[in-house]
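Beneath this line is the structure, given in structure tokens, with notes to follow.
The sequence lines fix the lettering, A, B, ..., with proteins before strands; numbering per chain opens at 1.
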Amino acid sequence: MVIRRKLIAVMTSLLSVMLSGVVQAAAEMNMRPGVTETSQAAFDLHMMVIWVMVVISVIVFGAMIYSFIFHRKSKHPTPATFSHSTKVELVWTIIPILILIYLTIPAVKLLIEMEDTSESEMSVQITGSQWKWHYKYIDHDIEFYSNLSTPREQFENYEGSGAANNPNYLLEVDNELVIPVDTKVRFLVTAADVIHSWWVPDLAVKKDAIPGFINETWTKVLTPGIYRGQCTELCGKDHGFMPVVVRVLSKPDFAIWVADKDAEKVVAEKAAAEAAAQSWSLDKLMALGKTTYDAKCSVCHQVTGLGLPPTFPALKDSPIALGAIDAHIEIVVDGKQGTSMAGYGSQLTDAELAAVITYERNAWDNNTGDLVQPADIQAFKAGNK
Amino acid sequence: MTEQMPQASNKKLIIRLVAIIGGMFLFAFALVPLYNVFCDITGINGKTRGQALYQDEKIDKKRVITIEFLTNINRGMPWEFKSMVKSMKVHPGELNEVRFYAKNRSKFDIIGQTVPSVAPGQAALYLNKTECFCFDQQPLAAGEEAEMPMKFYIDADIPDDIHRLTLSYQLFNITEAAKAGSVATK
Amino acid sequence: MGDHHPTGIKRWLYTTNHKDIGSMYLWFSFIMFLIGGAMAMVIRAELYQPGLQFVDPNFFNQMTTMHGLIMVFGAVMPSMVGLANWLIPMMIGAPDMALPRMNNWSFWILPFAFTLLLSSLFMEGGAPNFGWTFYAPLSTTYGPPSTDFFILGVHMMGISSIMGAINVIVTVFNMRAPGMTLMKMPLFVWTWLITAFLLIMVMPVLAGVVTMMLTDRHFGTSFFDAAGGGDPVMFQHIFWFFGHPEVYIMILPAFGVVSEIIPAFSRKKLFGYSSMVYATASIALLSFIVWAHHMFTTGMPVAGELFFMIATMLIAVPTGVKVFNWVATMWQGSLTFETPMLFSIAFVILFTIGGFSGVMLAMAPVDFQYHDTYFVVAHFHYVLFPGAIFGTTAAVYYWLPKWTGKMYNETSGKIHFWLSMVFVNLTFFPMHFSGLAGMPRRIPDYNMMFADFNMWASIGAFGLGLTQIYFLVTIIVAIRSGKPAEQKQWDGASGLEWDALPSPAPYHTFDTPPKVN
């Protein structure tokens, strides 16, 4: 008797441990509830549908399994002869309709909520391009590009496992989108070339970025933290390499961040002016040029300068790198329409631009001997004939 | 091999089926104007209409609608482009003007085309532009800058639940296409 | 009945015989299946671990694009046409298809179309790399030079499908044996008849949209370019107007196959024949009004989202009716589990699971979390692989004795089945989880949190790939040295092909129409 009770106790605790293991695993295998009211409501709806499906499966597959066992020929040699029943057909048409109505009602309610962008407290314009995001705070004068910051060597080593060492592998950026907690933030999403899509699973916000059109969506995050997502519309080569990172700060911290950003701008402008005033040596230009090139240009034009023609032309022996400096500056600063070459005029400092162009004109045996100074870039940008 | 049915009824059926096929092919192309008409009527893709006239509009002083102006620049378009005010508060029915600044920073003469888009989409129906640089192609010589006005009014019968409109202009470089004489403007 | 037929290569080039053409379609589709499958192996090899190991991202995009195009247009669709060619005339007591010469052209266009498409892999700039759904402007303004060949290939393959559909409709309407009313036809013929109508309605729309792509690329139009007054989202509307009925085109014949096989091995008539016909027709009709459920994140107004959500959920009703009818067919039957039955049962269970994820995807507010993630990839692979492909596999095992007069080895068939069952689930079930965890589609590399799911999926995929070789060997061994088959190989089978024709069926059958009561 005592042994029996002990056995039951042991079995129960064992089962609970196993079950919690299953539940834990299930939590890792499930969608996340997220940190907004809408993400949590979406999660609840998701779970509701799953349970409905589980119940239907048990009934339908249960009936099938029953047949496999009890209606197999060896056990049930004489098959029944019925082959229709209008009553039964009506029943199993009407019941699914009722189940669907039961699922639709909360779905309609949630959808209307999710698409209601009214009464937002701040707005951010999000522009997707190949292969980065651009954020512009409409109410402040803050804008910046957000690039993947995982170094390319970590994944282009073609040996795998760079990822193992980096928990935010492919999900980290140089400049995060920063927003305040408990604030309804409106996003105005568009694209500058092809269709992209902005998604943060924890926020349950996904909206396509369509060139020439503006889409609206919103979020109101309940918990400060860092939330990571990715581009979710195939947009070319580096579709998998343009993550979205949102840092949610408390309202006071956000105010500090805004002030810091404004101050940063002043400092950056001063530094750019100083750099432009200097005359850089070839060595200095080549050094900065190489790091800039490897970080920003090798993606498409390759570290070897050989590119991936015809979409990504080679820079080694290229007419542009060997030809007129002005044309070279123009294509780097302004990009080329209808191609994947974006303009880097606002994405790099004048010093970086000068350096990378100098690098391209001298690396890989191009050896033009040309030096492009930050001042040259400044002059170009100021508009010249 | 013997035929079981007279060939005449095969032919009739084949002709009918080919007619359906031809019809569906044409339908694919018809979807283009159908889509545009549908969007025109409902405004749901955020595209604004063509030039409007301002006459005898009743101004609804009791309502205030915020209209925001956004600009963005498509790939390979080396201009500066921004609105001179971020937003305006207007009354429905009232004619207003907003100015945009554009500068061709490059060394080439370029023709630009701005494409407007409105959020929320349905609000596009109620935005009437009487004068807009987006109606025409915008040529700017190298280094040239321009201030471009846009005059608009919002329909007085804009639904009560719309309090804010965002008008976004995307600027495209259409120099090549315009040369080929093939780009339509709206 | 005639058995005399030409020999050599000329036989196959010039044949107008539905049996020959059916065989050519089936072999062609299997070759395409292996090629598309090889691309899947490249994809899963790259995705086996995080990091880029084997291919660069641009080539990876070419693989995912070509895998989709080849499987949809080269493997699944032609395999269904192969079944139609073999079975429809025999099932309705006709001597051949109504338009035998057009039938020959319909087939022979395909090797040319796919040689063109596959050759794009070797063109400068590589093969199409914008997904099988080729959204603009990625495919128009930013597509590689091979895009134009892709467009031509799609046109060719579309013409083939349209001609095949005309043939099916005319055959079914005009060549049924006396006494074979529409409501006496085997359900497989019904599902193909309805599929043929879907084909003639939507393939021309596909032709229209790729033509618009071509003119946007080269002839100065701006259908999909905002700069010229066009709209990239309009591309999606027109594409999916074709695209959604297309997926029903791929599954309806499999519904028909399973509706023939389950009654045979339950030794009981199909439950609810007329309901099954009406349900199939309802699915086809509804398929025209749900297309924008692929576009919930494009910025559609709420009214549109609501309409498409509700219409999509409605399709679950006739589909459910079909599943219940199959279950009711088995209920109180007298079941045996030969290979065709095993694949058909797996079809019902696993297609239903794919249907469940479909209902989840239909619910727009949650779709925002699933759209363009691996959850969608899981959904459509469940309805396509254990759906359409298991259906075709079941058909091949079921009718092989009739087509070739030889039986396959039942043990081999069962091994093939269990290998398929294990590996198909191992490959695609984990994708539900990687999608829910947040992994987008069409990416060659990913964060560690998706690693385990991807590893299992890749292991499953390698096993699934090898299993197809096992299948091929099983079939070849059967054809060459299988045991002679009976006229009515399956005691529960019914239909003209089993009751009125020997195994193998002679080259020419029903030169005189049979009597049908």
Side-chain angles (χ1 to χ4, degrees), chain A residues 29-31 42 45-46 49 53 60-61 63-64 67 71-73 76-77 79-80 83-84 89 92-93 96-97 100 104 107-108 110-112 114-115 155-156 158 160-163 169-171 194-195 197 201 204 206-208 210-212 215 230 232-234 237-240 308 310-311 338, chain C residues 49-53 57-58 124-125 130-131 135 137-138 141-142 144 226 232-233 266-269 271-272 275 297-299 302 305-306 309-310 313 316-317 320-321 324 327 330-336 349 356 360 363-366 368-369 371-372 433 436 438 440 442-445 447-448:
Chain A
M29 298 199 296
N30 204 349
M31 197 166 95
L45 189 53
H46 160 84
V49 185
M53 301 298 159
V60 175
F61 300 154
M64 287 176 78
S67 280
H71 302 148
R72 58 199 306 137
K73 182 155 169 245
H76 195 260
S83 66
H84 70 277
E89 300 278 3
W92 66 40
T93 306
I97 292 180
L100 288 171
T104 307
V108 169
L110 179 57
L111 184 63
I112 293 175
M114 281 172 120
E115 299 282 30
F155 50 91
E156 266 176 8
Y158 289 93
S161 306
Y169 179 68
L170 299 188
L171 294 177
V194 298
I195 301 182
S197 190
K206 181 182 291 162
K207 210 51 144 189
D208 285 0
I210 299 168
N215 274 337
Q230 294 184 258
T232 34
E233 184 61 61
L234 179 62
K237 192 166 89 68
D238 275 12
H239 162 61
L308 281 170
T311 321
Chain C
Q49 277 183 314
L52 290 173
Q53 287 89 26
N58 190 36
E124 217 204 348
F130 32 67
Y135 283 4
L138 184 63
T141 315
Y142 297 85
V233 175
S266 308
R267 293 162 183 78
K268 195 157 152 285
K269 272 169 70 178
F271 188 90
S275 292
T297 58
T298 55
V302 179
E305 289 176 327
L306 287 173
M309 170 168 80
I310 293 172
M313 289 170 83
V317 178
V321 165
F324 303 140
V327 177
M330 290 189 274
W331 188 260
Q332 301 269 358
S334 188
L335 308 174
T336 54
I349 297 176
F356 286 152
M360 293 166 78
M363 303 180 58
V366 209
F368 293 150
Q369 296 283 59
H371 172 68
D372 237 301
F433 302 124
L436 291 178
R442 298 166 165 169
I443 60 176
D445 192 5
N447 182 280
M448 275 310 274

Quick one: which of [options] has the most heavy-atom pairs under 4.5 Å with chain A, could you say?
options                                : value
C:Gly320, C:Pro365, C:Pro144, C:Pro440 : C:Pro365
C:Val302, C:Thr336, C:Leu335           : C:Leu335
C:Gly438, C:Ala316, C:Ala364           : C:Gly438

Considering only heavy atoms from C-beta outward, does the side chain of [X] approach that of [Y] to under 4.5 Å?
X        : Y        : value
A:Met31  : C:Val366 : yes
A:Pro96  : C:Phe324 : yes
C:Val317 : A:Thr93  : yes

message = Classify the ring geometry of C:Trp331 against A:His71: parallel below 30°, tilted from 30° to 60°, perpendicular beyond 60°.
response =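 Judged by the thresholds at 30° and 60°, the geometry between C:Trp331 and A:His71 is perpendicular.
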Working to the nearest 0.5 angstrom, can you tell me the gap between [X] [atom1] and [Y] [atom2]?
X        : Y        : atom1 : atom2 : result
A:His46  : C:Leu436 : NE2   : CG    : 5.0 Å
C:Tyr135 : A:Ile210 : OH    : CD1   : 10.0 Å
A:Leu170 : C:Met448 : CG    : CE    : 11.5 Å
C:His371 : A:Lys206 : NE2   : NZ    : 6.0 Å
C:Asn58  : A:Asp238 : CG    : CG    : 9.5 Å
C:Met313 : A:Ile97  : CE    : CD1   : 12.0 Å

Chain C: which of A:Gly212, A:Ala63, A:Ala80, A:Ala42 shares the most heavy-atom pairs with it under 4.5 Å?
->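 That would be A:Ala80.
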Most heavy-atom pairs under 4.5 Å with chain C, out of A:Leu308, A:Ile112, A:Ile195, belong to A:Ile195
Does any backbone or side-chain atom of [X] lie under 4.5 Å from a heavy atom of chain C? Answer side chain, backbone, both or neither.
X        : result
A:Met114 : side chain
A:Val49  : side chain
A:Glu89  : side chain

Please report the shortest heavy-atom distance between [X] and [Y], naming the atom on each side.
X        : Y        : value
A:His239 : C:Arg442 : CD2-O, 3.2 Å
A:Pro211 : C:Pro137 : CG-CG, 3.9 Å
A:Val194 : C:Tyr142 : CG1-CD1, 3.3 Å
A:Pro77  : C:Ser334 : O-OG, 3.3 Å
C:Phe130 : A:Leu234 : C-CD2, 3.3 Å
A:Tyr169 : C:Gly51  : OH-CA, 3.5 Å

- Task: Apply the side chain to side chain contact (heavy atoms under 4.5 Å, CB included) test between C:Phe368 and each candidate in A:Thr232, A:Leu110, A:Leu111; give the one that qualifies.
- Result: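 Option passing the side chain to side chain contact (heavy atoms under 4.5 Å, CB included) with C:Phe368: A:Leu111.
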task: Using the side-chain contact (heavy atoms from CB on, under 4.5 Å) rule, take A:Val108 and C:Met309 through it: C-alpha gap first, then chi angles, then the decisive distance, then the call.
output: CA-CA 9 Å; A:Val108 169; C:Met309 170 168 80; 3.8 Å; yes
Notebook entry, point to check: Between A:Asp208 and C:Thr298, is any side-chain donor less than 3.5 angstrom from a side-chain acceptor?
Noted result: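 Side chains of A:Asp208 and C:Thr298: no pair found under 3.5 Å.
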